[in-house]
Structure formats: structure tokens, C-alpha cells
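All residue numbers in this chain count up from 1 along the given sequence. Treat the numbers as computed from the prediction; the structure is a model and nothing was measured.
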Amino acid sequence: GQELTFELTDDANGNFRIGSCTGQLYVGKDGELDYASQSEYRIAVKICDDPSFFSPPAEPECITAQDILIEITNINDSPVFVASSSPENDNTFTISESAAAGSSDASSPPSLLAQTFDADGDVLSFTVKDSSELFSVDEASGRLKLKDSKSLDFEMRKLYDITVTVADPSGATASAPFTVSILDANDAPVFPPGVLLRAVAENSQAGVLVGSTIGAYDPDGSSVANTDWSLLSYSLLPSGDDDTDAIFEAVVSIGTTLCQIRVKTGDSLDFEVIGQYSLTLRVADAGGLHSDASLKISVENVNEAPVLSAPQGVTIVIDEHSKVLTNVGPALSSECCLSDPDNINVADAQSFSFEVDLSTTQGNLIMIASQSGQLHVAGDIDFESIPQQVFSLTITVSDNGNPVLSHTLTGLEVSVLNVNEAPELTKDQVFTLNENFVEFADEAGVFIRPNVGKIAWTDPDDVGTG
């Protein structure tokens, strides 16, 4: 048979070629077929026979076939990563250490969707491979996000290397390496865990330090970019009716970032009234973040001296010549005379001992019971022999605290009352009288008898003789 020759009179802009002897169509050398860009082409083919087959030879006969349709079959295209308008940022994400778990709001660049392309227009999905297992991609926005329940710490780690894989629904994938750069953010300073405990002695004066310093930790430390974040200040929050914020204050210890609690108002700490204060201590940094801690300050009991005073509105008196051990006035250990701040709590009440200065007892005529403080007669008290008929006693009371403290009361007056006493005849009086005495009359005619003598007597109430 005759041999045919084939020629493309329209090769669709070079996208196709044809075998001249076989008529086999091929994709052209420069052809790039993309279903998404153009799904069909039309070409024209000229076919001629070989006239040399005949004798004598004849002119070749040709035919041209127009509008031959070539339909492009769609084949899935793999997604690819493409350069963005800022290629220097294409492989770097930045995300703040303060990013909330599950949120993509803090990440940059805005979206992986801008850095990937799928010729088929498929909806793409992303996965992240990183050894820290911190990150994922928000499918809707294409932005890098922090996984739920995860957190970042700039001070612990600043860079992460990850691999992002993009996939289309058919499973075609592409992968690219990325670096995640963590941005520093202000971190709130924190106190050590648990309740802070401090103690101070009662009756401490203003300015007295309450226990050791308290250190708050600021994760930002001395960050070069944000040195002000680590500048700390401390305060005590108002705590209610006990006005603890007026009693104590929190200051920064000189030359440090540590907190020192100190007494703000003197003479206001009384163990017997309030044994412990509950406060809230706040630390704040210069960036406006703060943390609170519970602070309990125990007031330590300090032995306080007892106070002895004369009974009010009572005159202490004793009859002269009262019997030995007769009580003189009320017991000085009773509420009328003795007080001690340490004895507000009955369960912890102290005991006391009393002592009288013997030089004020007019020769030990009045003594005192050491435990009860009861004065009593210890000798014969004579109204007429006591100067000014008053004892002016000096009495000291001591507690059993540590250290032992005492208080001395001077000038406790005990008045001696005068009691009527019977006169007494002088013993062994002897009088002589001559017998046969002569009775005679004086000038007035009154008979006078001779004197026998005068009776001698004494009366203690008169402090004299007769």
C-alpha cells in the first residue's frame, strides 16, 4: 500500500507534535499541560499519500483535518510551598511566650495558606512535626498555634525547629522546615509556694523588722530588652477590721529586690489581744503584673511586768493590839491591786510572789503572805508608839515568767486605830501613916487629916502617868 505522511498545521502553540510517518501525536517539547489552566485543545492535521506508488507517478493527494479535539485528563497535583512577598520570613514563625493555649492569635507570619499552593484548588490540611510536641496549625486560618494545655517560656527556650507538611485530600503532600522564634513577654513575679510565715515579738516598736526577708521570683530576671520588668515593689493589701495594713508595712530591702516586713505603728502588738495576723502580700513588677501570697505573722508572747497598786477607794486600817495573823486589808493578789497583761488568758496565767521591805514594818509588826499577798499582823501594834499612827509599806511583787519581772509599790499606808485601854496601877505601892495621928482644924475651921500618899497609875491612851 501507499505510505502516508502526517503534518500538524495547528500544533496548539507548540503544545503538540506528530510523527510524520506514524501519525502518532505527542506532547510538544515546550508543552505544559495543566488541566486547571486549560482542559482541552484543538489541532489541525494534514495527511498526504505517496504518488510514487503509481506508474507513471502522479501528484500526491492531501487532506486536512480541522478541529481535532484533544481533551486533557485531570490528574491530582501535589501541593507545594511557594515564596511569599517577604521571602526572608518564609521559613520563620514568631509566637509570643504569652500565647494562650489553643490560640493562633499571637503567631506570625499570618498564615501558611499564603505560602502553599495547590493547582487543583484543593482544601489543604497541615501537620507539624516537632520534638517538643508544642505546635499545630489552625486549619481554618493556616496559622501556627500552641496546642491545648501547652505553654511557652522564653527564658527556658527561644527557638524550636519544626517540619510542616501540607496535604491535599488525595494524600499528596509536600514538606518544608520552619523555625519557631519565641518572643519575650512580661511574666508575673511569683512567691514561693505555700503560706509565708513570719513572727515578731509583742510590744515591738515602729521600724522593727518582722522576721527574715521574703524573695519573690521574676522569670524575666534581668532581660536585656526589658530590664524594667524585673523591678519589683511590694505592698500589703487592706485586710479588714483588724487594720493589719496600718500595723505592718512591706518595703524593698535596701540594695536588693527582696521584701522586708516591718512594724509600722509601735505599741500596737499585744499577744494577749491578737496572737496572729493574716495578711495578703502583693508583689508587682514595673510591667504591671502582680501576684499575691498569704502571709501569717505570729505575735510572740513576751513576759510583761505585773503592776501592783493600792486598792482604790479603800483605806487600810488595823486596830492596835490586834491578834497576830489578823488580816490587814484585802489580799494584794486580788483584782483590786494586781494586774498583769500576761494573765488575760487564764490557761496561761502566771503565779506571783510578794515581799515586804522589812525596814517599813516598824520592827516586823506587819508581814505579808508570799503567795496571796495578804498583809497580816506579826507583832503587838501599839497606837501610841507608832509614829503618826501610820505604816508606810514598800511591797514588791514578782512573776514567774522568763525573765522574772517585778514591780514595787511604795507608800502603801496602813492606819492604826486607837482602842480604849484600861488604866493600870503601879505595882508594889507602899504608904506609911503614924498611928495616933492628930486631927486639927484649919483657920476656916475645917478639920484636916494627915496625907497618907498619892496612888500611882498609868493609862496607855494618855501616854502619861498619874
Side-chain angles (χ1 to χ4, degrees), residues 94-101 103 105-106 134 146 149-160 180-202 204-266 268-269 274-300:
T94 58
I95 186 169
S96 173
E97 67 169 329
S98 63
S103 170
D105 293 342
L134 290 173
L146 191 63
S149 75
K150 300 294 184 178
S151 62
L152 300 173
D153 190 341
F154 173 85
E155 287 71 28
M156 295 297 294
R157 187 170 177 179
K158 300 175 177 60
L159 293 174
Y160 294 86
V180 181
S181 177
I182 308 304
L183 301 178
D184 194 13
N186 187 20
D187 298 287
V190 294
F191 287 107
V195 178
L196 302 173
L197 302 176
R198 292 297 183 270
V200 63
E202 66 173 329
S204 292
Q205 299 300 305
V208 170
L209 304 183
V210 180
S212 60
T213 55
I214 299 171
Y217 168 70
D218 192 327
D220 295 308
S222 56
S223 171
V224 175
N226 298 290
T227 55
D228 58 327
W229 285 350
S230 60
L231 298 177
L232 304 181
S233 61
Y234 299 88
S235 60
L236 291 172
L237 303 186
S239 52
D241 297 337
D242 52 5
D243 291 331
T244 51
D245 53 308
I247 299 174
F248 301 101
E249 61 182 346
V251 297
V252 175
S253 181
I254 297 176
T256 73
T257 59
L258 303 178
C259 172
Q260 178 65 67
I261 305 299
R262 68 186 182 190
V263 178
K264 186 176 181 181
T265 304
S268 56
L269 296 174
I274 299 179
Q276 187 179 76
Y277 292 89
S278 296
L279 306 91
T280 298
L281 178 62
R282 171 166 291 180
V283 57
D285 64 19
L289 298 182
H290 69 267
S291 296
D292 296 335
S294 176
L295 170 64
K296 293 186 180 298
I297 299 178
S298 297
V299 179
E300 297 176 334

For the backbone of [Y] and the side chain of [X], can you confirm whether one donor and one acceptor N or O come within less than 3.5 Å of each other?
X	Y	value
Q260	G211	yes
S294	V195	no
E97	A185	yes
Y234	E249	no

Just verifying a value: how many Å separate D285 CG and D218 CG, rounded to the nearest 0.5 Å? 5.5 Å
Using side-chain heavy atoms (C-beta onward) and a distance below 4.5 Å, is [X] in contact with [Y]?
X	Y	answer
L134	V180	no
L209	R262	yes
E155	D184	yes
T257	V252	no
Y217	D187	no
L281	L236	yes

Does the pair F248 and V200 meet the rule for a side-chain contact (heavy atoms from CB on, under 4.5 Å), with working shown? CA-CA 11 Å; F248 301 101; V200 63; 4.3 Å; yes
Carefully, step by step, assess V263 and V210 under the rule side-chain contact (heavy atoms from CB on, under 4.5 Å). CA-CA 7 Å; V263 178; V210 180; 4.1 Å; yes
Listed partners of D292 passing salt bridge (charged side-chain N to carboxylate O under 4.0 Å, His left out), at least two apart: R282
Using salt bridge (charged side-chain N to carboxylate O under 4.0 Å, His left out) as the criterion, list what pairs up with R198, not counting sequence neighbours. none
